[in-house]
Amino acid sequence: MNYLLVRFIISLILCLLLISIRKADAQTIHYQLVDLEVNAPDSKKTNFLDSLGPFTQPVKIFMEGLRIHSSDKRFSFGNSGFWSTVPVYSFVDGFWIGQTFDGKMDFNKKHKLELETMIYYTTARKKLTWQTDLSYLYLPHMVGKLKISGGDISSDYDVEEHLARLENSLYSLLLGRNYMKMFRKKFVELKNSFYPFEGFRLFNSFSVQWRSSEVNHTTYSFIHPESNFDQSNIPENKHFRLMPRSLALVGSMGFDFTLCKACVYNSKSNEIIYSYIPTLSARTVFGIPAGKKNRSQFMFIEGSINQRLKFTEKNTFDYKIGGGAFLYKENLWFPDFRHFGAYSLPSMRTFTDDGYFLIGYYKADTQKSWIRGSANYLSERFLLTRIKCFGNNDFSEGVHFRYLWTPEIRHYTELGYAFGYKNLARVGCFVGFTGGSYSNFGFTVSFPWLTGGY
């Protein structure tokens, strides 16, 4: 129990550090390239900078970056300044030192071009890492988006539901634990998505990837600066194999559909807010054999239904049920497994995410078949919120349920309870069962304003 308490305290420390990085009154700059968000101070509220007199403008440029734009504001380009100079740290790369840039070009009201690019020197790997995303926004009424990406980066083996790089950086620096295991990926990728009509989204992607397993180049942390233990860069999964340099062609296609006559709908983003019937989703992901060595081919399909209901102004319920299977596979490599965002505490993810809090990060990942489900009930009038001091609409509670079945982890169930203040902070406790028998227990902390929800 003392161990659980220590982990809980460490989680709080990590979150407080994250708060110190991201001020509550800051504007959010989204760096999708590096899987994190960095907040720069709002210049209109920065009294400190305004008090610097003739040095105000140079300091602002250093802190917030330099930006140029056309007189009609249709074109702009700039960097993110000090806030993106050293954004992440890992045992594979060490510190990233460099810059992130972004730009946009509005051709007209229907067509826009957006650019995001980053280039960093990795202090431990001693190589450059870079990535560029070029997005073309078309047909606003269909929310059409075509994106071309390319780069040479270190990527999480869990390519879909992974940790944020900033979160993993804090774990590595403070705890000496590099939860995220990485491989090297040089790639070019094309993605497209649009809504032919309300509530129906089509999406597809295709990428060419040159991949290989990486090794840790450092194990430095604040707690063990001279650590001699060699923490390997190998995911904890019995089916994992070291991946030699290989060429992969990976594609996907799918759809989401909700009958919008029975939903509350955001017409600008085409997002379903609440729905009185479930949303149906399906996709297939496939790999085409390429190259002369280490060729891989596979295909899996999966489908799901999900729904978010609002009973009253103070009570909401959402659920998601899904499953899938590999139809065929040959010489499958670990990045192409089905991953589930399952990683043990501490964690700062939102409690309504589909992932799992108490399973080892890669233990549940499978190359066969799976069934999964989640449910979340959120209320401002439940248990503690019925007490007078907590019943002022500033506090809320949540009950959370997770289920997962794979050939490797059979009938895993996770139950949790969370209590929070507004959208600022929430504390939760979770208990896990495998095959009906108790397996583990833990605490976690979430900051909804950082992660976009409860």
Side-chain angles (χ1 to χ4, degrees), residues 33-35 88-98 117-134 147-163 165 168 172 178-191 205-219 230-252 285-300 326 328-339 361-363 365-368:
L33 303 180
V34 293
D35 305 322
V88 294
Y89 170 80
S90 71
F91 287 173
V92 168
D93 291 331
F95 292 98
W96 286 15
I97 301 177
T117 188
M118 68 163 192
I119 181 166
Y120 287 90
Y121 176 75
T122 57
T123 58
R125 193 156 56 94
K126 302 186 184 305
K127 293 182 179 179
L128 291 179
T129 186
W130 64 274
Q131 183 176 331
T132 297
D133 289 348
L134 185 64
K147 183 165 77 171
I148 301 175
S149 302
D152 182 353
I153 62 173
S154 54
S155 174
D156 191 342
Y157 280 104
D158 183 344
V159 296
E160 292 187 300
E161 302 183 32
H162 50 73
L163 279 167
R165 287 182 185 265
N168 185 71
S172 301
N178 211 70
Y179 286 94
M180 185 185 290
K181 310 303 180 184
M182 301 177 181
F183 68 98
R184 187 178 181 186
K185 180 172 71 172
K186 297 181 179 180
F187 73 101
V188 177
E189 182 177 50
L190 178 66
K191 289 184 176 180
S205 69
F206 188 79
S207 65
V208 181
Q209 306 174 16
W210 292 266
R211 311 184 300 195
S212 60
S213 290
E214 267 288 1
V215 298
N216 284 338
H217 294 87
T218 180
T219 57
D230 182 18
Q231 192 178 117
S232 65
N233 184 47
I234 297 177
E236 191 176 350
N237 185 290
K238 63 182 181 181
H239 299 296
F240 174 79
R241 298 181 296 151
L242 286 174
M243 186 169 58
R245 181 174 173 80
S246 57
L247 174 63
L249 306 179
V250 181
S252 70
V285 180
F286 55 89
I288 302 172
K292 297 181 179 180
K293 296 182 179 180
N294 309 311
R295 293 158 56 95
S296 173
Q297 61 178 328
F298 67 92
M299 173 181 283
F300 73 73
F326 280 85
Y328 65 84
K329 60 183 184 294
E330 183 178 337
N331 197 32
L332 190 70
W333 299 107
F334 198 61
D336 304 315
F337 279 40
R338 183 60 175 96
H339 304 278
Y361 195 177
Y362 302 98
K363 279 187 177 180
D365 299 342
T366 186
Q367 57 178 333
K368 296 179 181 179

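One-based numbering along the sequence shown.
Panel note: side chain His339, backbone Tyr361; no donor-acceptor pair is recorded below 3.5 Å. Formation of a donor-acceptor pair under 3.5 Å by the Thr123 side chain with backbone atoms of Phe95 is found in this model. A donor-acceptor distance shorter than 3.5 angstrom exists from the side chain of Asn237 to the backbone of Tyr362, with no hydrogens or angles considered. In this structure a side-chain-to-backbone donor-acceptor pair under 3.5 Å is missing from Asn294 to Pro244. In this structure a side-chain-to-backbone donor-acceptor pair under 3.5 Å is missing from Lys147 to Glu189.
With rounding to the nearest 0.5 angstrom, the CG atom of Asp365 is 12.0 Å from the CG atom of Asp336. For the atom pair CZ of Arg338 and CG of Asp158, the computed distance is 8.5 Å after rounding to the nearest 0.5 Å. Residue Leu249 holds its CG atom at 8.0 Å from OG of Ser207, rounded to the nearest 0.5 Å. A distance of 13.0 Å separates CD1 of Ile97 from CD1 of Ile119, quoted to the nearest 0.5 Å. Between Asp133 atom CG and Thr117 atom OG1 the span is 8.0 Å, to the nearest 0.5 Å.
Using the six-membered ring where Trp is involved, Trp96 and Tyr120 have ring planes that are tilted, between 30° and 60° apart.
Counting non-hydrogen atoms of other residues, nucleotides and ligands closer than 6.0 Å to NZ of Lys329 gives a total above 12. Other residues, nucleotides and ligands place no more than 12 heavy atoms under 6.0 Å from the NZ atom of Lys363.
Just one residue in the list Tyr328, Phe337, Phe326 forms a ring-ring contact (aromatic ring centres under 6.0 Å, His included) with Phe300, and that residue is Phe326. Only one option out of Arg295, Arg241, Gln297 pairs with Asn331 in a side-chain hydrogen bond (donor to acceptor under 3.5 Å, both in side chains); it is Arg241.
Contact between His217 and Val215 at its shortest, heavy atoms only, is ND1-O, 3.1 Å. Heavy-atom minimum distance, Leu332 versus Ser296: CA-OG, 3.8 Å. The nearest pair of heavy atoms linking Met243 to Arg211 is CE-CB, 3.7 Å. What you find for Ser155 and Arg165 is that their closest heavy atoms are CA-NH2, 4.2 Å. Minimum heavy-atom separation, Pro335 to Val159: O-CG2, 3.7 Å. Of all heavy-atom pairs spanning Ile288 and Phe206, the tightest one is CD1-CE1, 4.1 Å.
Within the 4.5 Å cutoff, side-chain heavy atoms of Thr218 are placed close to those of Tyr89. Between Phe183 and Asn233, the closest side-chain pair of non-hydrogen atoms is not below 4.5 Å. Two residues are said to be in side-chain contact when any heavy atoms from C-beta on lie closer than 4.5 Å; Met118 and Ile153 meet this criterion. Between Leu247 and Val208, some side-chain heavy-atom pair lies under the 4.5 Å cut-off. Met180 has its side chain out of reach of Ser90: every pair of non-hydrogen atoms, C-beta onward, lies at least 4.5 Å apart.
Legend: residues meeting side chain to side chain donor-acceptor pair (under 3.5 Å) with Arg245, ordered by chain and number and at least two apart, are absent.
Ser252 and Ser205 form a side-chain donor-acceptor contact under 3.5 Å, judged by distance and modelled atom types alone.
In this structure, the ring of Phe240 has its center less than 6.0 angstrom from the ring center of Tyr157.
Contact check on Arg184 versus Asp152 returns a salt bridge, with a Lys/Arg side-chain nitrogen under 4.0 Å from an Asp/Glu carboxylate oxygen. Of the charged side-chain nitrogens involved, none lies within less than 4.0 Å of a carboxylate oxygen, so that Lys181 and Glu236 do not count as a salt-bridged pair.
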